[in-house]
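The next block holds one structure in the form of structure tokens; read it before the comments.
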Amino acid sequence: MANVVVVGSQWGDEGKGKIVDWLSSRADVVVRFQGGHNAGHTLVVGGEVYKLSLLPSGVVRPGKLSVIGNGVVVDPWALLAEIERIGQQGVKITPETLLIAENAALILPVHPAVDKAREALKGKAKIGTTGRGIGPAYEDKVARRAVRMCDLADAEVLKAKVEALLEYHNAQLTGLGAETLDPAEVLAQLQEVAPKVLPFMGVVWQKLDEMRRAGKRILFEGAQGAMLDVDQGTYPYVTSSNTIAAQAATGSGMGPGALGQILGITKAYTTRVGSGPFPTELTDEIGELLGARGKEFGVVTGRKRRCGWFDAVLVRQSVKVNGITAIALTKLDVLDELDELRICVGYKYKGEVIQHLPALARAQEEVEPVYEVHEGWKSSTYGARSWADLPAQAIKYVKRIEELIEAPVGLLSTSPERDDTILVRDPFED
Ligand code: GDP
Ligand code: IMO
Ligand code: MG
């Protein structure tokens, strides 16, 4: 089976964009299957930096099809702005290179308004969302009132849906003490944007089925990470979609049997942006060092990411809930200067050592990491392109991670640059 699903195995920002870009040379099509423009995926090719939020990370490779599946929530204005921005970097997006599912739900201006108003009201208890309207848009989808891509093609349906949607949300906005939106204005905005996005619309499940039968290689690109999954993550401090590998099937319209290998992108330490539990978080100078060396600032919101030690309990849990067959370990170079490193190998909770992160939010806050200490390698791995270039202590650290998380390393990344990547085993050939 020559398809590969890429997912984040921690709290997002593991380097999915870099790895998807690298792998896309071996694929025919790259498919986003959940999330929206809350994602921020960075690609660096010959020094040129591309920041993608909605467009799949295969777009910079000529001749590859990009697909936005039905599981994604699409903000049409954000999409057009991204197409424009990436166009200025010389990447031309056309209806021949980008296909958007007709049954994808849209993010309308009311969604970020509700998202922000709710967060403001929560004060200290806020989730720390990206403010992009992701949660409210998924709620509308599940509540069966969402405006979808296909509705843009039917003026009558669109009008009725927008009116009903705003009737619902305006009551909520009033309750939240926020400004309401004028349905006529939103409708006019949608009518203006419709002819610009409709040319990209198509029947994604059918296209992917055709490609699968023609023996084409499909690469699925996840956003966020398993610990932000609405079922398996640190609920309620999660995003509003399923981010785990199984969603590649439901979010694209392919059967689960077609998914192939599951590659979990895994940072050699841990980061998280936004609120919520983080057992191995470092609020000391080592945390600062990781943040500075790793340039840990959000792509979408510019927020500083929280940093901490590698958490093997959490990643092993992620390996299991995703069905990860191999990991791509990224940002090993960020650890180069450390005298010693720690890996979390268990949690102390109520006088016992446990081997999983419990679902109870209070327990997630209370668990204390049990650490194993490793000697640092104190030399540069930055830009290394073969195992032979890695210091012995670095190899030992990687091997220990493999053992603890119960999954092998398939790829190793040593800088933001596309080609600073070590291939251990090709997921398309496994
Ligand atoms: P994504 O959301 O998973 O695609 O990851 P982001 O792009 O949000 O964050 C990952 C950051 O790390 C980006 O700035 C990448 O350019 C950078 N990056 C990826 N791999 C490596 C690596 O191996 N070493 C270093 N130093 N940076 C990396
Ligand atoms: P990529 O794909 C890291 C976090 C937000 C917040 C929570 C909910 O770049 O890895 P939302 O706006 O989705 O309702 O916010 O999820 N979050 C991410 N954190 N990387 C991401 O995407 C994220 N997308 C959302 O910070 O804590
Ligand atoms: Mg990111």
Side-chain angles (χ1 to χ4, degrees), residues 6-22 32 34-45 49-54 56-57 72-73 107 111-112 114-116 118-119 126-139 221-230 233-241 243 264-269 271-278 290-306 328-336 380-385 411-422:
V6 163
V7 283
S9 72
Q10 293 149 320
W11 277 293
D13 304 327
E14 298 91 348
K16 297 176 291 293
K18 167 176 168 162
I19 300 298
V20 169
D21 166 61
W22 190 88
R32 274 282 306 270
Q34 49 71 231
H37 65 312
N38 51 347
H41 298 172
T42 317
L43 285 53
V44 185
V45 184
V49 181
Y50 303 91
K51 291 179 187 293
L52 302 170
S53 284
L54 262 173
S57 298
V72 175
V73 279
I107 298 186
H111 296 124
V114 171
D115 192 355
K116 287 175 198 156
R118 277 190 197 152
E119 285 279 276
K126 70 172 191 240
I127 290 170
T129 70
T130 59
R132 297 295 192 260
I134 304 295
Y138 275 116
E139 286 168 31
E221 176 180 18
Q224 291 84 50
M227 290 300 137
L228 289 170
D229 181 279
V230 69
T234 47
Y235 192 91
Y237 298 98
V238 293
T239 192
S240 296
S241 66
T243 62
I265 315 304
T266 306
K267 214 176 260 192
Y269 50 101
T271 63
R272 159 159 223 177
V273 57
S275 324
F278 182 172
L290 293 176
R293 283 188 57 88
K295 300 195 172 62
E296 297 295 356
F297 292 91
V299 177
V300 175
T301 58
R303 288 178 293 174
K304 202 170 168 179
R305 296 174 183 151
R306 301 153 65 192
L329 192 66
T330 63
K331 305 190 91 162
L332 188 69
D333 56 288
V334 173
L335 306 174
D336 285 350
S380 178
T381 62
Y382 190 87
R385 291 190 182 182
L411 286 163
L412 195 84
S413 164
T414 56
S415 103
E417 261 295 335
R418 176 190 273 172
D419 292 327
D420 291 339
T421 306
I422 301 170

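Whatever order the structure lists them in is the order used to number ligands and atoms, beginning at 1. The figures here come from the full heavy-atom set of this structure, side chains too, leaving out hydrogens, waters and symmetry mates. Counting from 1, the numbers follow the sequence of the chain as shown. Everything numeric in this text was worked out from a predicted model, so none of it was measured.
Look at G40 and you'll find a heavy atom under 4.0 Å from some atom of ligand 2. Not close to ligand 1: K295, with no non-hydrogen atom less than 4.0 angstrom away. In this structure, G8 falls outside the shell of residues with a heavy atom less than 4.0 angstrom from ligand 1. Ligand 1 does not have E417 within reach: every non-hydrogen atom of the residue lies 4.0 Å or more from it.
Looking from atom 12 (O) of ligand 2 to the surrounding protein, the closest heavy atom is T130 OG1, 2.6 Å. Atom 19 (N) of ligand 2 has its closest protein heavy atom at V273 CG1, 3.3 Å. What sits closest to atom 20 (N) of ligand 2 on the protein, heavy atoms only, is D13 OD1, 3.1 Å. Nearest protein neighbour of atom 12 (O) of ligand 1, counting heavy atoms only, is K331 NZ, 2.9 Å. For atom 15 (O) of ligand 2, the closest non-hydrogen atom on the protein side is T129 CA, 3.3 Å.
Against a heavy-atom cut-off of under 4.0 Å, K16 is close to the following atoms of ligand 2: 1 (P), 2 (O), 10 (O). Atoms of ligand 1 found under 4.0 Å from any heavy atom of T414 (numbered from 1 in listed order, with element): 23 (O), 24 (N). The ligand atoms of ligand 1 that sit less than 4.0 angstrom from a heavy atom of S413 are 20 (N), 21 (C), 22 (C), 23 (O). Listed by atom number, the atoms of ligand 2 under 4.0 Å from G274 heavy atoms are 27 (O). Listed by atom number, the atoms of ligand 2 under 4.0 Å from G128 heavy atoms are 5 (C), 6 (C), 26 (O), 27 (O). Which parts of ligand 1 touch K18 is read off a 4.0 Å heavy-atom cut-off, strictly below it: atoms 20 (N). Atoms of ligand 2 lying under 4.0 Å from any heavy atom of R303, numbered from 1 in the order shown and given with element: 5 (C), 26 (O). Below 4.0 Å from some heavy atom of A223 lie the following atoms of ligand 2, by number and element: 2 (O). Close contacts between ligand 2 and W11 involve ligand atoms 3 (C), 19 (N) [criterion: under 4.0 Å to a heavy atom]. Taking every heavy atom of G17 and a limit of under 4.0 angstrom, the matching atoms of ligand 1 come to 4 (O).
At a heavy-atom cutoff of 4.0 Å, ligand 1 is contacted by both the backbone and the side chain of T42. Contacts between H41 and ligand 1, counted as non-hydrogen atom pairs separated by less than 4.0 Å, involve both the backbone and the side chain. Only the side chain of L228 comes within contact range of ligand 2, with a heavy atom under 4.0 Å; no backbone atom does. Under 4.0 angstrom from ligand 2, the non-hydrogen atoms of V238 all belong to its backbone. For V299, every heavy-atom contact with ligand 1 shorter than 4.0 Å involves the side chain, none the backbone. Under 4.0 Å from ligand 1, not a single heavy atom of V49 appears. Proximity of R272 to ligand 2, defined as any heavy-atom pair under 4.0 Å, is not found for any part of the residue. In H41, the part holding a heavy atom less than 4.0 Å from any atom of ligand 2 is the side chain. Contact annotation: for Q224 versus ligand 1, there are no heavy atoms closer than 4.0 Å.
For G15, a nitrogen or oxygen atom sits less than 3.5 Å from a nitrogen or oxygen atom of ligand 1, counting backbone and side chain alike. Considering backbone and side-chain atoms together, S240 places no N or O closer than 3.5 Å to any N or O of ligand 2. Some N or O of G40 is nearer than 3.5 Å to an N or O of ligand 1, by distance alone. At a 3.5 angstrom cut-off on N or O pairs, E14 does not count as close to ligand 2. On a distance-only criterion, D13 and ligand 1 share at least one N/O pair closer than 3.5 Å. In terms of polar-atom proximity, defined here as any N/O pair under 3.5 Å, T239 does make such a contact with ligand 2. Residue G12 places no N or O, backbone or side chain, under 3.5 Å from any N or O of ligand 1. For ligand 2, none of its N or O atoms has an N or O atom of R132 under 3.5 Å away. Between N38 and ligand 2, at least one pair of N/O atoms sits closer than 3.5 Å.
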Derivation and outcome, salt bridge (charged side-chain N to carboxylate O under 4.0 Å, His left out), residues R303 and E296: CA-CA 9 Å; R303 288 178 293 174; E296 297 295 356; over 6 Å; no
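The N, O or S atom of D13 with the smallest distance to the Mg ion (ligand 3) is OD1.
With a 4.5 Å cut-off on side-chain heavy atoms, L411 and W22 count as touching. Between P277 and R272, the closest side-chain pair of non-hydrogen atoms falls below 4.5 Å. With contacts defined as side-chain heavy-atom distances shorter than 4.5 Å, the pair T239/N38 qualifies. Residues V73 and Y138 form a side-chain contact, since some pair of their non-hydrogen atoms from C-beta on lies under 4.5 Å apart. In this structure, the side chains of T421 and L412 stay at 4.5 Å or more apart for every pair of heavy atoms.
Side-chain atoms of Q34 and S241 include a donor-acceptor pair closer than 3.5 Å. Side-chain N/O atoms of K18 and S413 include a donor and acceptor closer than 3.5 Å.
Shortest non-hydrogen contact noted between V114 and P136 is CG1-CG, 3.9 Å.
Under the side-chain contact (heavy atoms from CB on, under 4.5 Å) test applied with S53, the options R132, H37, R32, H41 reduce to a single match, H37.
By heavy-atom distance, the residue among R305, E221, Q224 lying nearest atom 25 (C) of ligand 2 is Q224.
Not a single N/O/S atom of K16, whether from backbone or side chain, sits less than 2.8 Å from the Mg ion (ligand 3).
Between the side chain of T414 and the main chain of A384, a donor-acceptor pair closer than 3.5 Å is present.
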